[in-house]
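See below for the structure under consideration.
Note that the numbering runs from 1 along the sequence shown for the chain. It should be emphasised that the depicted structure is a prediction, and the values quoted were computed from it without experimental measurement.
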Amino acid sequence: MAIRKRGSIWYIDYYAGGKRHVEAVGPLKKDAEAALGGIKKEIREGRWFPRKLREVPFDDLVDEYEGAAKSKRSYHVEKSYIAKVKEYFEGRLLSELTPLDVERFKADRKGTPTRGNRPRTGTAVNRELACLRAMLNKAVQWGMIEKNPAARVKMFPEPPGRNCFLTVEQAGRLLDACAPHLRSIVLCALETGMRKAEILGLRWSDIRNGMVYLPANRTKNGKPREVPVSQRLSTELLRLRNRRRTEDVSVASDLVFQPPRKRVGKRRGKVEVVTGPMRSIRNAWDTALEKAGIAPTFHFHDLRHTFASHQKMAGVDDYTLMELLGHSDFTMMKRYAHLTPEHKRKAVEMLPSWTETDPAVVPAATDEVC
């Protein structure tokens, strides 16, 4: 038997009736101590019986869950989902929530357009619904409610994963269309298959002996990864570093990719050096896609697909590719098994002649990939 504090709330934790019970009491330690003392007396005198769970505000669950979630690597993404869930259920009691309330939340979020005034996708709503479900699972675990009202609420159907990738010609057009600071980032993605967050967080101290060493706290699966640096990327990184030294850019930051410098002042003659992390490349990315004539639906993450697809077409085995991409098993590898129509045609043309009178092969037109 014990009392514990999670966030701003004190809980009592005890065993009775062959089960463990965790109950929220309130913000005062003395109240939790008094409640536990009373339960001990009831158990000792044989007067204890299962009691109704205390009325816990949804806001208390949010505080508890958010406090625990801050230690997760995915918190920077999850916090936006938590905010939407809190906004909808704020002021409600956990014990009042029903599956119908969760269905209404699901429908409300689906009918709310995005900040760009576009229809919200079912996939986007599913991420918020999954967050709500996880929060309510924790509420059950922490003794705040008996059942999770979101447990049986169905998610929206989701389309299969994207398989879009660039041809060599398209990738060249994209690189040529990039602003200087974006070009180095895109080349790094094409040459390593690293994720955008891994690239933007890349430090000079991570690069040594011809390898990029990604620590566990900066990879998606929490495992360290080694990625070889190609000769093309090595040349680009050397050029980037020499340019900064030549221009006397501050080296206070160890980040490889930094925001473009800004010229400030009445005549825009003074240069302001920005050494913090790059917050967003969205505007530069959209501009580059338009200049290169590539569909605006092409995502930065599709450069990772491009890397993997061309590795496969070059004959790299699945195990090596799995190591390069940082996957834990071969399941995800199936997404990168797609090949260009050109590559498939070459494969079938390698078959032997079945008869001496085989018809001549007529080359087919090459299809666009994206």
Considering all heavy atoms of both residues, which atom of [X] and which atom of [Y] are nearest to each other, and what is their separation?
{"X": "Val186", "Y": "Cys178", "value": "CG2-SG, 3.8 Å"}
{"X": "Ala16", "Y": "Ile43", "value": "CB-CD1, 3.8 Å"}
{"X": "Met144", "Y": "Leu61", "value": "SD-CD1, 3.9 Å"}
{"X": "Arg304", "Y": "Leu325", "value": "NH2-O, 2.7 Å"}
{"X": "Asp254", "Y": "Ser205", "value": "OD2-OG, 2.7 Å"}
{"X": "Ala292", "Y": "Arg173", "value": "O-NE, 2.8 Å"}

Counting only heavy atoms not in Glu290, do more than 12 sit closer than 6.0 Å to its CD atom?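 Atom CD in Glu290 is not crowded, with 12 or fewer foreign heavy atoms closer than 6.0 Å.
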Do other residues, nucleotides or ligands put more than 12 heavy atoms under 6.0 Å from Arg239 CZ?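 Buried by this count: over 12 neighbours within 6.0 Å.
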Show, in sequence, the C-alpha distance, side-chain angles and deciding distance for Leu132 and Phe89, and conclude whether the side-chain contact (heavy atoms from CB on, under 4.5 Å) test is met. CA-CA 10 Å; Leu132 173 61; Phe89 291 103; 3.7 Å; yes
Give the C-alpha distance, both sets of side-chain angles, the deciding distance and a yes or no for side-chain contact (heavy atoms from CB on, under 4.5 Å) between Ile281 and Lys196. CA-CA 10 Å; Ile281 58 172; Lys196 182 168 69 173; 3.9 Å; yes
State, with a plain yes or no, whether a side-chain heavy atom of [X] is found less than 4.5 Å away from one of [Y].
{"X": "Pro224", "Y": "Tyr213", "answer": "no"}
{"X": "Pro149", "Y": "Leu136", "answer": "yes"}
{"X": "Ile207", "Y": "Leu237", "answer": "yes"}
{"X": "Leu93", "Y": "Phe58", "answer": "no"}
{"X": "Leu303", "Y": "Leu174", "answer": "yes"}
{"X": "Tyr11", "Y": "Ile3", "answer": "no"}
{"X": "Leu202", "Y": "Met194", "answer": "yes"}
{"X": "His181", "Y": "Phe257", "answer": "no"}

Could you give the distance from [atom1] ([X]) to [atom2] ([Y]), rounded to the nearest 0.5 Å?
{"X": "Leu182", "Y": "Thr287", "atom1": "CG", "atom2": "OG1", "result": "9.0 Å"}
{"X": "Asp318", "Y": "Lys312", "atom1": "CG", "atom2": "NZ", "result": "3.5 Å"}
{"X": "Asn137", "Y": "Asn148", "atom1": "CG", "atom2": "CG", "result": "4.5 Å"}
{"X": "Asp317", "Y": "Glu323", "atom1": "CG", "atom2": "CD", "result": "10.0 Å"}
{"X": "Leu240", "Y": "Thr235", "atom1": "CG", "atom2": "OG1", "result": "12.5 Å"}
{"X": "Ile199", "Y": "Thr192", "atom1": "CD1", "atom2": "OG1", "result": "5.0 Å"}

Glu90: side-chain contact (heavy atoms from CB on, under 4.5 Å) partners, not counting sequence neighbours: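 side-chain contact (heavy atoms from CB on, under 4.5 Å) check on Glu90 returns Asp59, Lys86.
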Should [X] and [Y] be regarded as members of a common hydrophobic cluster, given that ILVMFWY residues are connected when their side-chain heavy atoms come within less than 4.5 Å of each other, either directly or indirectly?
{"X": "Val125", "Y": "Tyr88", "value": "no"}
{"X": "Met211", "Y": "Leu324", "value": "no"}
{"X": "Phe156", "Y": "Val102", "value": "no"}
{"X": "Met155", "Y": "Val85", "value": "yes"}
{"X": "Val316", "Y": "Phe307", "value": "yes"}

Once side-chain hydrogen bond (donor to acceptor under 3.5 Å, both in side chains) is applied, do any residues pair with Glu87, and if so which ones, sequence neighbours excluded?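 Here no residue qualifies.
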According to side-chain hydrogen bond (donor to acceptor under 3.5 Å, both in side chains), who are the partners of Arg195, at least two apart in sequence or on a separate chain?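 Per chain and number, Arg195 pairs via side-chain hydrogen bond (donor to acceptor under 3.5 Å, both in side chains) with Glu198.
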Is [X] reaching over with its side chain to a backbone N or O of [Y], donor-acceptor style, under 3.5 angstrom?
{"X": "Arg152", "Y": "Pro99", "result": "no"}
{"X": "Arg120", "Y": "Pro113", "result": "yes"}
{"X": "Thr306", "Y": "Leu166", "result": "yes"}

Stepwise, does the side-chain contact (heavy atoms from CB on, under 4.5 Å) test hold for Leu233 with Cys188? CA-CA 6 Å; Leu233 181 57; Cys188 185; 4.1 Å; yes
Show your working on side-chain contact (heavy atoms from CB on, under 4.5 Å) between Asp206 and Arg218 and close with a plain yes or no. CA-CA 11 Å; Asp206 298 332; Arg218 281 194 273 129; 2.9 Å; yes
Within 45° of the axis and under 6.0 Å from the centre of the six-membered ring of Trp10, does NZ or CZ of Arg4 qualify?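 No, cation not above the ring by the 6.0 Å, 45° rule.
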Sorted by first residue and then second, give each side chain to side chain donor-acceptor pair (under 3.5 Å) pair with at least one member in residues 103-119; sequence neighbours left out.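 Counting only pairs at least two positions apart or across chains, the side chain to side chain donor-acceptor pair (under 3.5 Å) contacts touching residues 103-119 are Arg109-Glu128.
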Enumerate the residue pairs fulfilling salt bridge (Lys or Arg N to Asp or Glu O under 4.0 Å) with a member in residues 176-190, sequence neighbours excluded, ordered by first and then second residue.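 Pairs touching residues 176-190 that pass the test: Arg183-Glu236.
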Under a 4.0 Å N-O cut-off, is there an ion pair linking Lys70 with Glu66?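 Salt bridge absent between Lys70 and Glu66.
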For a quick check under 3.5 Å, do Thr98 and Asp101 share a side-chain donor-acceptor pair by atom type?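 The answer is yes; a qualifying pair exists.
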Suppose we screen for ring-ring contact (aromatic ring centres under 6.0 Å, His included). Which residues come up paired with Phe300, at least two apart in sequence or across chains?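 So Phe300 forms a ring-ring contact (aromatic ring centres under 6.0 Å, His included) with Trp285.
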